[in-house]
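Notes for the one structure printed next.
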Amino acid sequence: FRKCLVKMKMQILILLALFVVGAMGGKYSKELNEQKASDKNNNQVEFRIAKLNQVWEKAIRMQLAPVRLSELHSDLKIQEKDELQWKKLKAEGMDEDGEREAKLRRNFNIILAKYGMDGKKDTRTLDSNRLKDHDVKEGDTFDDPKLDKLWNKAKTSGKFSDEELQTLQREFQHHKDKINEYNIVMDTVSRTEEIHKNVISPLEGDMKEHVLHQKHSDLKQRMRNLNQGFERLRKITHEGYSADSEFKEPRVIELWEMAKRSNLSEDELDSLKEELGHFETKVEKHQHYQEQLELSHQKLKHVEALGDKDHIMRNKEKYNTLAEKAREMGYKMKKHLQDLTNKISRNGLQHNEL
């Protein structure tokens with residue numbers, strides 16, 4: 001009996017030891033996963049996907065402005081998250097029609113064009129098939145005749161306070177960004193159509209036909225969104241902001257307008273409205289960090305010109321901390337935007353966001 005008891009005690013001790021090792025191993029694995037990514041030469045890199053690192057390194061070489069660099073970092077983090085999710089799905093045998101892959105490629109092209117890294121900046125603005133079909137004149141604010149005309153009308157109408165004009169200007173800028181995205185997607189559709197003409201295999205042709213159909217659907221939805229967005233700007237310009245305007249931030253306003261056109265119930269709309277309020281706070285907080293980052297950059301340049309090494313080091317540390325915070329806030333804000341857009345899209349709307 002005593003031998004059995006000793007044996008049982010030993011088994012319990014072994015089990016406990018295995019449990020502790022397993023727990024430590026789990027913790028260690030988690031810590032490993034949370035470490036910065038490394039390349040094949042074991043050098044620390046910013047992203048776990050090679051092409052994203054190449055874009056990031058190119059942006060640094062181009063010396064993009066601090067706020068633009070911060071925005072790019074957030075966009076690349078979202079792209080990284082989506083691509084890693086897609087790789088997992090593909091390994092499980094999903095996305096056989098290549099729809100998700102096509103959307104990822106499209107979003108990546110949008111990022112490249114958005115930050116002037118696609119090598120097509122000049123040709124796109126001059127292409128007469130694009131939405132912007134006019135000569136750029138001195139004094140144009142948004143490089144679009146309809147937007148510029150409407151903006152000038154708003155500025156001289158006397159219907160807006162200084163704060164409301166700032167809000168309206170952000171809405172106009174947001175609309176201009178949407179036009180740019182539309183033109184980029186049109187570029188990718190045109191290229192896909194050219195490739196499609198050269199397809200030999202019928203099976204491959206069917207696959208590309210499906211992807212092409214998805215891109216055309218995306219273009220149509222983007223055009224609908226642009227038309228609705230412009231109509232809203234036109235209405236505000238003529239009538240001014242109403243006293244009971246729910247939101248001030250363009251992205252939040254766009255989401256709220258989308259939600260009201262969707263199949264959400266009154267209770268769901270109320271719940272979403274509350275969530276959009278939290279999201280708007282997040283957007284404002286992100287903007288605050290961007291402003292602080294820009295001020296910090298200006299101060300750093302001033303201090304560097306004076307040449308005080310200690311002063312330079314202190315300001316560099318502050319600048320780097322703000323840059324990190326702005327990137328982190330940018331990612332959280334864009335992830336929340338993506339989640340909200342998907343939530344609304346599942347209720348009767350087709351919408352692709354970035």
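Residues take their numbers from the sequence shown, with the count starting at 1.
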Residue pairs fulfilling salt bridge (charged side-chain N to carboxylate O under 4.0 Å, His left out) with at least one residue in [range], sequence neighbours excluded:
range	result
residues 162-173	E163-K248, R170-E249, E171-R232
residues 270-282	E275-K343
residues 295-315	none

Distance-minimising heavy-atom pair for [X] and [Y]:
X	Y	answer
R100	D95	N-OD1, 2.9 Å
L255	F279	CD1-CE2, 4.1 Å
W256	L269	CZ3-O, 3.6 Å
L300	I312	CD1-O, 3.9 Å
P66	L293	O-CD2, 3.7 Å
A59	L72	CB-CD2, 3.2 Å

(request) Please go through L89's hydrophobic cluster and name the other residues, only I, L, V, M, F, W, Y counting, with side-chain heavy atoms under 4.5 Å joining them. (result)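 M94, which link up through side-chain heavy atoms under 4.5 Å apart, make up the rest of the cluster.
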
Quick check for you: to the nearest 0.5 Å, what is the distance between [X] atom [atom1] and [Y] atom [atom2]?
X	Y	atom1	atom2	result
N107	L112	CG	CG	11.0 Å
N183	E181	CG	CD	10.5 Å
K335	D82	NZ	CG	8.5 Å
N315	L306	CG	CG	10.0 Å
K81	Q79	NZ	CD	9.5 Å
I78	Y331	CD1	OH	5.0 Å

[X], [Y]: one ILVMFWY side-chain cluster at the under-4.5 Å cut-off?
X	Y	value
L104	L337	no
L340	M329	no
L322	M313	no
M258	V283	yes
I49	I111	yes

(request) Carefully, step by step, assess W151 and L168 under the rule side-chain contact (heavy atoms from CB on, under 4.5 Å). (result) CA-CA 9 Å; W151 173 244; L168 187 59; 4.1 Å; yes

(request) Decide side-chain contact (heavy atoms from CB on, under 4.5 Å) for L165 and Q169; before the verdict, give the C-alpha distance in whole Å, the side-chain angles of both, and the deciding distance to 0.1 Å. (result) CA-CA 6 Å; L165 267 179; Q169 189 175 27; over 6 Å; no

(message) Go through it in stages, so that I can follow the logic: the residues are I236 and F160, the test is side-chain contact (heavy atoms from CB on, under 4.5 Å), and I'd like the CA-CA distance, side-chain angles, deciding distance and then a yes or no.
(response) CA-CA 10 Å; I236 292 171; F160 303 97; 3.9 Å; yes

Taking C-beta and beyond as the side chain, do [X] and [Y] meet within less than 4.5 Å on heavy atoms?
X	Y	value
F108	V55	yes
L219	M223	no
K178	R222	no

Ring pair (Phe, Tyr, Trp, His ring centres under 6.0 Å) partners of [X], counting only residues at least two apart:
X	value
Y115	none
Y289	none
H297	Y319

(message) Could you work out, with side-chain hydrogen bond (donor to acceptor under 3.5 Å, both in side chains) as the rule, every residue matching T156, not counting sequence neighbours?
(response)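 Applying side-chain hydrogen bond (donor to acceptor under 3.5 Å, both in side chains) to T156 gives none.
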
(message) Is it the case that over 12 heavy atoms from other parts of the model lie below 6.0 angstrom from the NZ atom of K220?
(response)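 Count not over threshold, so no.
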
(request) For K146, look at atom NZ and say whether over 12 heavy atoms of other residues, nucleotides or ligands are found less than 6.0 Å away. (result)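 No, not enclosed.
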
(message) The test is salt bridge (Lys or Arg N to Asp or Glu O under 4.0 Å); show your working for K334 and E71 and say whether it passes.
(response) CA-CA 10 Å; K334 289 183 181 187; E71 281 285 287; 3.3 Å; yes

Have [X] and [Y] got a donor and an acceptor in their side chains that come within less than 3.5 Å?
X	Y	result
K153	H238	yes
Q221	N225	yes
Q290	E294	no

(request) Only one of D148, D177, D144, L147 passes side-chain contact (heavy atoms from CB on, under 4.5 Å) with F172; say which it is. (result)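 So, applying the side-chain contact (heavy atoms from CB on, under 4.5 Å) to F172 and each of D148, D177, D144, L147, only L147 qualifies.
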
(message) With side-chain contact (heavy atoms from CB on, under 4.5 Å) as the test, pick out the partner of I110 among D118, I184, N180, D75.
(response)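 Among D118, I184, N180, D75, the one that satisfies the side-chain contact (heavy atoms from CB on, under 4.5 Å) with I110 is I184.
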
(message) Would E46 and L76 count as a side-chain contact (heavy atoms from CB on, under 4.5 Å) here? Give the steps.
(response) CA-CA 10 Å; E46 204 63 35; L76 290 175; over 6 Å; no

(message) Run the salt bridge (charged side-chain N to carboxylate O under 4.0 Å, His left out) test against K260 and tell me which residues pass, sequence neighbours left out.
(response)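 Per chain and number, K260 pairs via salt bridge (charged side-chain N to carboxylate O under 4.0 Å, His left out) with E257.
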
(request) Sequence neighbours left out, what pairs pass side-chain hydrogen bond (donor to acceptor under 3.5 Å, both in side chains) with at least one residue falling in residues 55-70? (result)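 The answer is none; no pair qualifies.
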
Heavy-atom donor-acceptor pair, [X] side chain to [Y] backbone, under 3.5 Å:
X	Y	result
S157	A154	yes
E80	R48	yes
N109	V185	no
S271	D267	no

(request) Could you label the plane-to-plane angle of the F47 and H73 rings as parallel, tilted or perpendicular, counting under 30° as parallel and over 60° as perpendicular? (result)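 F47 and H73: tilted rings.
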
(request) Just jot down the side chain to side chain contact (heavy atoms under 4.5 Å, CB included) partners of K149, sequence neighbours excluded, or say none. (result)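 Applying side chain to side chain contact (heavy atoms under 4.5 Å, CB included) to K149 gives none.
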
(request) Kindly write out the residues that satisfy side chain to side chain contact (heavy atoms under 4.5 Å, CB included) with H288, not counting sequence neighbours, or none if the list is empty. (result)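 Only Q292 meet the side chain to side chain contact (heavy atoms under 4.5 Å, CB included) criterion with H288.
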
(message) Check this for me: does any side-chain nitrogen of one of E328 and K332 sit under 4.0 Å from a carboxylate oxygen of the other?
(response)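 So E328 pairs with K332 through a salt bridge.
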
(request) Decide salt bridge (Lys or Arg N to Asp or Glu O under 4.0 Å) for E231 and K235; before the verdict, give the C-alpha distance in whole Å, the side-chain angles of both, and the deciding distance to 0.1 Å. (result) CA-CA 6 Å; E231 185 55 33; K235 187 180 177 185; over 6 Å; no

